[in-house]
Amino acid sequence: MLLVGAFFLPSLTTQAELWRTGYYPGWEQPYLAASNIDFTALTHIIHFSVVPNSNGTLDSNANGITTANSTDVVTRAHSAGLKVLICVGGAGSESAFQGATSIANLPVFINNLTNFMATRDYDGVDIDWEPLPSADAQQYTNLVTGLRSALNGFPQHKLLTAAVGAYPPYGDSLTAEYVMFAALQSQFDQINIMTYDLSGPYDGWVTWFNSPIYDGGYRFPSNGNLLPSVDGAVKNFLTNGVAPAKLGIGIAFYGYLWTGGSGTSSVSITQPRQSWTNAPTATAIRYSTIMTDYYQSNLYHWDTNAQSAYLSITNANPTNNTFISYDDQRTCQAKVSYARNHGLGGVMIWELAQDHQSGQSSPLVQALKQALATPGLTSIQFSNQNINLSFPSLPLGSYRVQWTSDMTLNAWNTLVVTNVSGPGGILQIADPNFSSQSKRFYRVKTPP
């Protein structure tokens with residue numbers, strides 16, 4: 001009869017649901033139609049992008065932000081309950097932003113942005129000023145505060161978000177960027193860190209991952225600095241005063257293909273953390289292309305220290321050897337765990353079309369969707385006097401299983417705290433003391 005008293009309550013998290021913000025370039029809409037986006041996996045869409053002109057006007061043609069494309073994604077996303085923002089900027093937009101945010105042009109620029117947003121029924125504006133050196137801090141601050149003030153004039157709350165660099169531009173101040181965002185964080189609904197493009201064939205570098213979660217303790221042989229990582233970037237923002245709930249980390253739906261070059265010991269480039277005598281090339285490549293053109297299970301590797309996937313391809317001709325770094329399903333789910341474990345606001349995707357294959361589902365989007373559903377449904381099995389609890393877990397997941405015998409007291413006892421070091425899966429926990437009480441209620445919290 002004691003078995004009747006075992007109950008699982010809905011699993012809990014200690015924070016609000018993570019945002020899942022996906023960038024959706026206008027030029028990708030012929031390839032990935034808005035009707036094929038799984039909106040249930042996301043909370044926000046950022047339509048990329050209108051481009052600032054130095055005089056404060058906007059160019060919506062450069063990236064395919066046509067009226068028809070805007071209407072299609074906004075209408076479908078709103079029907080699914082999602083917010084859609086219009087992005088302004090992109091890679092190489094610094095000089096245009098500098099002109100548009102001059103004292104003379106800033107009021108016109110803000111007015112053009114808010115009018116464009118309102119006319120096309122977007123729910124806010126995303127700022128993507130790249131690069132953003134400390135010399136631009138005052139003009140950036142003026143844009144953010146002025147735009148936030150203008151958005152506050154709408155009857156319904158309009159979102160203001162930003163895509164921000166993981167690390168300062170080369171040679172810039174090591175802390176100015178983080179301090180600036182700490183001062184501006186109250187103006188933003190989301191600050192999404194572009195935790196990708198974290199490597200390249202630069203002087204004094206080594207082969208490294210595009211978007212590793214951890215640095216693994218590895219340092220540049222040239223200067224002794226730690227290699228870049230998601231964790232390193234996040235810690236820089238937190239240490240300088242940005243609240244974790246304001247931050248999102250980037251998930252890359254693309255990778256980098258390293259080819260050519262020669263290693264320092266006559267070893268061709270096939271691995272992470274290799275130095276070279278002749279520099280290789282590193283080319284961005286879509287996830288869908290990696291899977292169709294390069295992936296084989298025997299070439300796949302998982303770097304536990306960096307928490308990152310890669311392919312190592314050796315050919316008869318060493319000049320054709322290849323190292324491919326990319327985010328796979330496990331990486332996506334590990335990044336969800338990282339965001340949860342550190343109390344972050346969410347995750348951000350660049351960009352939705354890159355894992356899409358015609359006629360097939362988008363595997364990285366589905367991995368993300370599955371991750372957010374964990375620990376989700378749980379089960380109870382009885383073995384003699386023991387209770388065996390099981391629930392789905394994630395890579396890097398951290399869970400606290402609790403029990404109480406009286407729900408009215410709201411006093412919970414910890415059965416076990418467990419951290420997942422492997423790829424995740426069904427986690428089983430035994431309660432050998434169940435028979436000591438007539439009933440027990442259980443719940444799972446992540447993070448603990």
Is it the case that the side chains of [Y] and [X] hold a donor-acceptor pair, with the cut-off being a distance below 3.5 Å and no angle test?
| X | Y | result |
| --- | --- | --- |
| N69 | H47 | no |
| S70 | Y122 | yes |
| T21 | Q190 | yes |
| Q333 | Q329 | no |
| K158 | T114 | no |
| Q274 | T207 | no |
| D328 | Y287 | no |
| Y338 | D231 | yes |
| S308 | D303 | no |
| T322 | T259 | no |
| S398 | N341 | no |

**Item:** Test: D189 and K246 ion pair at under 4.0 Å
**Value:** no
**Prompt:** Are E17 and R340 ion-paired here, with the side-chain N under 4.0 Å from a carboxylate O?
**Reply:**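 Salt bridge between E17 and R340, a charged N being under 4.0 Å from a carboxylate O: no.
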**Message:** Listing request: all ring pair (Phe, Tyr, Trp, His ring centres under 6.0 Å) pairs with a residue in residues 172-195, at least two apart in sequence or in separate chains.
**Reply:** Y140-F181, Y178-F237
**Asked** Tell me, which pairs form a ring pair (Phe, Tyr, Trp, His ring centres under 6.0 Å) where one or both residues lie in residues 81-105, sequence neighbours left out?
**Response** F97-W129
**Prompt:** Only one of Y254, Y31, F253 forms a ring-ring contact (aromatic ring centres under 6.0 Å, His included) with H356, so which one is it?
**Reply:** Y31
**Item:** Crowding at CG, D203 (>12 non-hydrogen neighbours, <6.0 Å)
**Value:** no
**Message:** Name the residue from I251, D355, L18, D38 that meets the side chain to side chain contact (heavy atoms under 4.5 Å, CB included) definition with L368.
**Reply:**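 Filter result, single survivor: I251.
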**Prompt:** Does R273 count as lying over the ring of Y218, i.e. NZ or CZ under 6.0 Å from the six-ring centre, within 45 degrees of the axis?
**Reply:**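 Yes, R273 and Y218 form such a contact.
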**Asked** Within 45° of the ring axis of W412 and under 6.0 Å from its six-membered ring centre, is that where the NZ or CZ of R443 lies?
**Response** yes
**Fill in**
With sequence neighbours left out, the residues meeting side-chain contact (heavy atoms from CB on, under 4.5 Å) with A80 are F39, L82
**Asked** For the residue pair A96 and P52, what are the closest heavy atoms and their distance?
**Response**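 For A96 and P52, the tightest heavy-atom pair comes out as CB-O, 3.2 Å.
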